[in-house]
A.B. asks: 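The structure is given below, and queries will be raised subsequently.
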Amino acid sequence: MNDQAILFDFDYTLGDSTEPIVSSFTAALGEMGWPAPERQAVRLTIGHTLQDAYTMVTGDSREQRREEFYRRFRAHSVPIMARDTRLLPGAAELLTWLAGRNIPCGVVSTKSRDVLEQIFLRQGLREKLALIVGAQDVRRAKPDPEGLLLALEQLGLGPEQALYCGDTALDAQAAQAAHLPFCAVLNGTTPAAAFEAFPHVCVAPDLPGLRDWLEHTAVLGKH
């Protein structure tokens, strides 16, 4: 297991930022003249870029308005995101368990790296991560594999030496494009059936389930 690494998506994989995302989404849309969105409509956008999330909720694809929403959302979210984001059950324990076994871990997310850094520092877990790749580190968001390939480059590993864990079809597509083994974690809004169309080595119900699978199958040595 010592020559392997695990990469994670963040939202609905390791953490839950629903409250600050919905709050910031509502405030930004209100400033732009839109009505308050339904909570579930916002939840279904999590994992996409903010610009795409705006279009998904409003139907407005004008680039100027998409960028305006991005700026307004960030203005509201940056002060509260780290404070109001919680880690999902089992996340701290899983990262600590992997660190204790000298398994490098990283996060590859569409969330901004500065926000992710704040979240993990606040949770006292930053030292458990070998790297964080966020939105500003890539030109193309998932499902493009750029972020995963950058993480592998930073770790000095090939795709056969790592595993990517995520909660959306975007994550599965990115892993497939990067030739990385993929494990789905059902913490988010995507049902297990949605992952049947993509190569995967595991569908875990939650993070304790993922840890159990890793521990009892010794999967990190059997890609």
Side-chain angles (χ1 to χ4, degrees), residues 4-15 17 21 25 42-71 73-74 77 81 104-117 119-120 129-191 193-203 223:
Q4 306 295 320
I6 299 188
L7 302 174
F8 295 94
D9 173 52
F10 182 76
D11 283 303
Y12 290 153
T13 299
L14 292 176
S17 298
I21 288 174
F25 216 108
V42 176
R43 290 188 71 234
L44 291 171
T45 72
I46 293 176
H48 293 263
T49 66
L50 289 172
Q51 292 90 335
D52 286 347
Y54 168 78
T55 299
M56 290 168 69
V57 170
T58 66
D60 184 0
S61 60
R62 291 173 292 175
E63 198 58 35
Q64 182 178 358
R65 294 282 278 178
R66 284 160 53 92
E67 293 302 326
E68 179 185 354
F69 173 77
Y70 173 86
R71 293 191 298 271
F73 180 98
R74 287 273 294 172
S77 68
M81 190 64 71
C105 296
V107 170
V108 179
S109 171
T110 55
K111 221 176 191 69
S112 293
R113 177 171 28 85
D114 55 347
V115 171
L116 290 165
E117 293 276 2
I119 290 170
F120 284 104
L129 297 174
L131 58 86
I132 295 176
V133 175
Q136 63 266 62
D137 298 313
V138 299
R139 293 172 296 171
R140 298 174 299 276
K142 294 180 289 187
D144 191 279
E146 182 181 357
L148 292 175
L149 296 176
L150 176 60
L152 290 174
E153 180 182 352
Q154 291 182 11
L155 290 169
L157 298 176
E160 73 284 355
Q161 295 175 290
L163 173 72
Y164 188 46
C165 304
D167 69 288
T168 69
L170 292 177
D171 297 320
Q173 289 174 286
Q176 183 178 18
H179 305 291
L180 268 170
F182 177 71
C183 178
V185 183
L186 304 181
N187 289 324
T189 60
T190 306
F195 296 105
E196 293 176 2
F198 306 102
H200 59 274
V201 294
C202 174
V203 177
H223 292 332

A.B. asks: Between E68 and R71 (salt bridge meaning N to carboxylate O under 4.0 Å), is one present in this structure?
C.D. replies: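 Judged by the 4.0 Å cut-off on N to carboxylate O distance, E68 and R71 do not form a salt bridge.
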A.B. asks: Provide the closest heavy-atom pair for S61 versus T55 in the form atom of the first, atom of the second, distance.
C.D. replies: CA-OG1, 3.9 Å
A.B. asks: Rounded at 0.5 Å granularity, tell me how far CG in L14 sits from CG in L129.
C.D. replies: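 Rounded to the nearest 0.5 Å, the CG-CG separation comes to 8.0 Å.
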A.B. asks: How about K142 and T110: do any of their side-chain heavy atoms sit closer than 4.5 Å?
C.D. replies: yes
A.B. asks: Return the set of residues passing side-chain contact (heavy atoms from CB on, under 4.5 Å) with S109 (not counting sequence neighbours), or none when no residue passes.
C.D. replies: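 Checked S109 against side-chain contact (heavy atoms from CB on, under 4.5 Å); matches are D9, F10, V107, K111, L116.
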A.B. asks: How about Q64: does its CD atom have over 12 heavy atoms from other parts shown lying under 6.0 Å from it?
C.D. replies: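 Counting other residues, nucleotides and ligands, CD of Q64 stays at 12 neighbours or fewer.
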A.B. asks: Applying side chain to side chain donor-acceptor pair (under 3.5 Å), name anything that partners R140, two or more places apart in sequence or on another chain.
C.D. replies: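 Checked R140 against side chain to side chain donor-acceptor pair (under 3.5 Å); matches are D144.
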A.B. asks: Taking only residues two or more places apart in sequence, or in another chain, which ones meet T189 in a side-chain contact (heavy atoms from CB on, under 4.5 Å)?
C.D. replies: Y12, Q40, R43, L44
A.B. asks: Applying side-chain contact (heavy atoms from CB on, under 4.5 Å), can you list everything that pairs with T190, at least two apart in sequence or on another chain?
C.D. replies: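 side-chain contact (heavy atoms from CB on, under 4.5 Å) list for T190, sorted by chain: T168, A194, F195.
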A.B. asks: With the side chain counted from C-beta on, respond yes when I46 and S17 share a heavy-atom pair under 4.5 Å apart, and no when they do not.
C.D. replies: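 They are not in contact (no side-chain heavy atoms under 4.5 Å apart), so the answer is no.
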A.B. asks: Only distances under 3.5 Å count here; give the side-chain donor-acceptor pairs of residues 150-157 to other protein atoms, sequence neighbours excluded, each with its distance to 0.1 Å.
C.D. replies:
none

A.B. asks: Considering residues at least two apart in sequence or located in another chain, which fulfil the side chain to side chain donor-acceptor pair (under 3.5 Å) criterion with R74?
C.D. replies: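 Listed in chain order: S112, D114.
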A.B. asks: Run the ring pair (Phe, Tyr, Trp, His ring centres under 6.0 Å) test against F25 and tell me which residues pass, sequence neighbours left out.
C.D. replies: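 Per chain and number, F25 pairs via ring pair (Phe, Tyr, Trp, His ring centres under 6.0 Å) with F69.
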A.B. asks: Would you give me the side-chain donor-acceptor pairs under 3.5 Å for residues 47-54, sequence neighbours excluded?
C.D. replies:
{"residue": "T49", "atom": "OG1", "partner": "D52", "partner atom": "N", "Å": "3.1"}
{"residue": "T49", "atom": "OG1", "partner": "D52", "partner atom": "OD2", "Å": "3.4"}
{"residue": "Q51", "atom": "NE2", "partner": "E67", "partner atom": "OE2", "Å": "3.3"}
{"residue": "D52", "atom": "OD1", "partner": "R66", "partner atom": "NH1", "Å": "3.2"}
{"residue": "D52", "atom": "OD1", "partner": "R66", "partner atom": "NH2", "Å": "3.0"}
{"residue": "Y54", "atom": "OH", "partner": "W34", "partner atom": "NE1", "Å": "3.2"}
{"residue": "Y54", "atom": "OH", "partner": "D60", "partner atom": "OD2", "Å": "2.7"}

A.B. asks: Once side-chain contact (heavy atoms from CB on, under 4.5 Å) is applied, do any residues pair with E117, and if so which ones, sequence neighbours excluded?
C.D. replies: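 With sequence neighbours excluded, E117 shows a side-chain contact (heavy atoms from CB on, under 4.5 Å) to R113, R126, I132, given in chain and number order.
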A.B. asks: Side-chain donor-acceptor pairs under 3.5 Å in residues 175-187, sequence neighbours left out?
C.D. replies:
{"residue": "N187", "atom": "ND2", "partner": "T13", "partner atom": "O", "Å": "3.2"}

A.B. asks: Would a 4.5 Å heavy-atom cut-off, applied to side chains only, mark V108 and Y164 as touching?
C.D. replies: yes
A.B. asks: Please report the closest heavy-atom contact between D167 and G188, naming both atoms and the distance.
C.D. replies: OD2-CA, 4.1 Å
A.B. asks: Using the side chain to side chain contact (heavy atoms under 4.5 Å, CB included) rule, take L7 and C105 through it: C-alpha gap first, then chi angles, then the decisive distance, then the call.
C.D. replies: CA-CA 6 Å; L7 302 174; C105 296; over 6 Å; no
